[in-house]
Structure formats: structure tokens, C-alpha cells
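Heads up: the structure comes next, in C-alpha cells.
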Amino acid sequence: MSEISLTRYLIEEQRNDRIKPDLRLLIEVVARACKSISVAVGKGALGGVLGDAGTGNVQGEAQKKLDVLSNEILLEANAWGGHLAACASEEMDHSQPIPDMYPRGNYLLLFDPLDGSSNIDVNVSVGTIFSVLRCPDDVVQPEDEHFLQPGTAQVAAGYCIYGPSTMLVLTIGNGTHAFTLDREQGSFVMTQPNMRIPEETKEFAVNMSNQRHWEAPMQRYVGDLLAGKEGPRGKDFNMRWIASMVADVHRILTRGGIFIYPWDRKDPGKPGKLRLMYEANPMSLLVEQAGGAASDGRARMLDIAPTQLHQRVPVFLGSKGEVEAAMRYHLEHDAAAA
Ligand code: P6P
């Protein structure tokens, strides 16, 4: 069977009226920007772009040179095409409208330009996460508030993982599909159509060093995983934690598992570490489209009504049966407390 490129996949989806031409253009432009980011990341120390940029982002985190470079690559790539109304990024305090000199389109693009960038300096896989929303019809000058739409409103979501191979994983609401970058051709080729997450799993991903700071139901849930065969779950579990969300989620989309970044009392005012709009929501759509589930521990992630552009949220996502099990521990705890 001849290879299906990303371009061919998108043209066929457009032909079947599943995406509009300017959304197809937007996804192609983001994919092209990811190829440029892949080149920069791949140069490592030889590219002169490792280490800190000497600046901080809205999260108060030190920015890596590659964070700033990746952000600029995505902004520049999307400025002139006429497919976009505005962008929002983990690396920018506020959303940014498309420059007045260019025509405006109907979509809003949100991204974490280089997630897991603290892993860059130790040569561990990192990635770009993106989410696409419709710009409300009556809005001419998009502001932060126009981005505040629930995850169910996403018309597309995806990530590009810069690992041993560079892969783009995408959903436009019709399944989750993986494309591998053919570096000689410079094109993304479909290599894993219709990814499916097994309903059950024996593998969990969490940063165990925070265990003493978790709330009671999370302690109990993970304690039962660790109890293994002799415990209430009746089976042994394995653990993986890459500390790069894109890499951990990619493993789960490929072979199952549950990824958890829960609330912890280290910084009680923060509802979680990960961001709803450009990390949790796009990953949750990809996971649901692959037959998995995604929650904040108590409710479906994609139903959460956002209140702030950079708001954080607890994240439980992956194998549907395991996410539902983790939710039961939290909901039973709440019911007993009530
Ligand atoms: P910790 C990377 O900084 C990130 O935002 C996610 O990619 C990753 O899952 C998480 O933080 C890792 O957090 O606390 O284990 O370093």
C-alpha cells in the first residue's frame, strides 16, 4: 500500500467534509513549524541553543533558549497564512492576535512550544503540544477570554515528540493517528492509524517523590497499586516516569497505562502542575479519541469550564478502566467526607 502522508490524510479528511480548508492549512503549518523545531532540538549542544535563556515565563519558570526559539518558530510560521485569528502560548503572558498586516482566519491556536524542556539538557525526549479552537464568530480582536472554551470545543489537537524519531500525533475528532517524520523526504508519513489505548493496564506514571504531599484518596489509590498481587488490586504494577508529558503520554497511547500529575500540598494554592488549555485538554482529546479517558480525578477533563488562560489542573489520563478506578477512590472519599 502506498504511504499516506500527512498532507494526503488531511486532503482526504477535507474531501469527506471532516475539516475545512483553512483548518487543513493550519495543521500543515504547525507540522512544518514542528519540523523546524525538530532540527533545532536535534542539533543539541552543536546548535548553541541549550541552557537557560536568562528569562522567565508567566509560570515563573526559567525559560530555556529552545523554549523561546520554539515559541518564535510557531508564531512566525502562523502569522501570514490567513488561517488564524490569534495564538496563546505557555511562554507568553497573554494571547497574541495575528499582526494587522495579515488577514485573520477563524481559528485560535494554543501551544506549549517545547514541553519538558528541562529534559533538553540531559538529552531526553521533549515535544510540542497544540490545541485548536474556533474563534467566536462575532470577535474581531480576540482576547484571552475568547480562548476560555472547554476541551470539548477543540476542533483539533496534537503533539510532536522529538525522540529517537520525530512523530506527529494528531486528532481532528476522527480518531488519533501517528505520523513519523521521513527526514529524507521531509514529510510526515502515517505509521500508526487509529491508535487504541487498552482498557486495562499494569503500568502507572507518577512522580513518587511527591507522595507524602498527596491528598488521602491519591495516597490510597497509589498504595493499592504498590501492594500489587497481594493487595486489593490483585495484580502487580510497573512504573514509568520520564518527566516529559509528551513522552509519557506517547507511551500510554502506544501501549496503555495511566499518567497522573495530582494536586499536592507543596503549593496548596495551585490546583495542579500541568496547564489545562495547552497541555491537559489537547492530551485528553487525543486520549479519548484513542478509546482512553481523562479526568481531573473527579470529573471529565474535557468538560471543565476554563476561567484563566494559564490555569493548572490535576491530570489523570490513559487506560479507561484505570482512570475510572482512580476516580472511584476520589469520589468515594468525597462521599464519605460529605
Ligand atoms: P516533575 C515538564 O516540566 C512537565 O511540565 C511535564 O512535561 C512533565 O510531565 C512534568 O512537568 C514533570 O514534572 O515535577 O516530575 O518534574
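Whatever order the structure lists ligands and atoms in, that order sets their numbers, starting from 1. Values below: every heavy atom of this structure, side chains too, minus hydrogens, waters and symmetry copies.
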Handout entry: N or O contact, Ser244 vs ligand 1, cut-off under 3.5 Å
Key = no

Exercise for the section: Side-chain contact test, heavy atoms from C-beta onward, threshold under 4.5 Å: evaluate it for Met167 versus Thr191 and give yes or no. Expected result: yes

Handout entry: Nearest atoms (heavy-atom pairs only) where Phe147 meets Ala86
Key = CZ-CB, 3.7 Å

Problem - Joint cluster assignment, Val206 & Trp263, ILVMFWY side-chain distance < 4.5 Å - result: no

Problem - Identity and distance of the protein heavy atom lying nearest atom 2 (C) of ligand 1 - result: Gly116 CA, 3.6 Å

Problem - Contact check: Lys273 vs ligand 1, nitrogen or oxygen atoms, below 3.5 angstrom - result: yes

Practice task
State the atoms of ligand 1, each with its element, that fall below the 4.0 Å cut-off from a heavy-atom position in Met245.
Solution key: 6 (C), 7 (O), 8 (C), 9 (O)

Practice task
Output the distance between atom CG (Leu226) and atom CE (Met239), rounded to the nearest 0.5 Å.
Solution key: 9.0 Å

Practice task
Answer yes or no: is there a donor N or O on one side and an acceptor on the other, between the side chain of Arg212 and the main chain of Ser209, under 3.5 Å?
Solution key: yes

Problem - Top protein contact for atom 7 (O) of ligand 1, by heavy-atom distance - result: Asp115 OD2, 2.5 Å

Exercise for the section: Classify the contact between Leu274 and ligand 1 as side chain, backbone, both or neither, using a heavy-atom distance cut-off of under 4.0 Å. Expected result: side chain

Handout entry: Arg183 to Thr166 - nearest heavy-atom pair and separation
Key = NH2-OG1, 3.1 Å

Exercise for the section: Pull out every atom of ligand 1 sitting under 4.0 Å from any heavy atom of Asn207, numbered as shown with elements. Expected result: 1 (P), 14 (O), 15 (O)

Exercise for the section: State whether the shortest distance between N or O atoms of Tyr261 and N or O atoms of ligand 1 falls below 3.5 angstrom. Expected result: yes

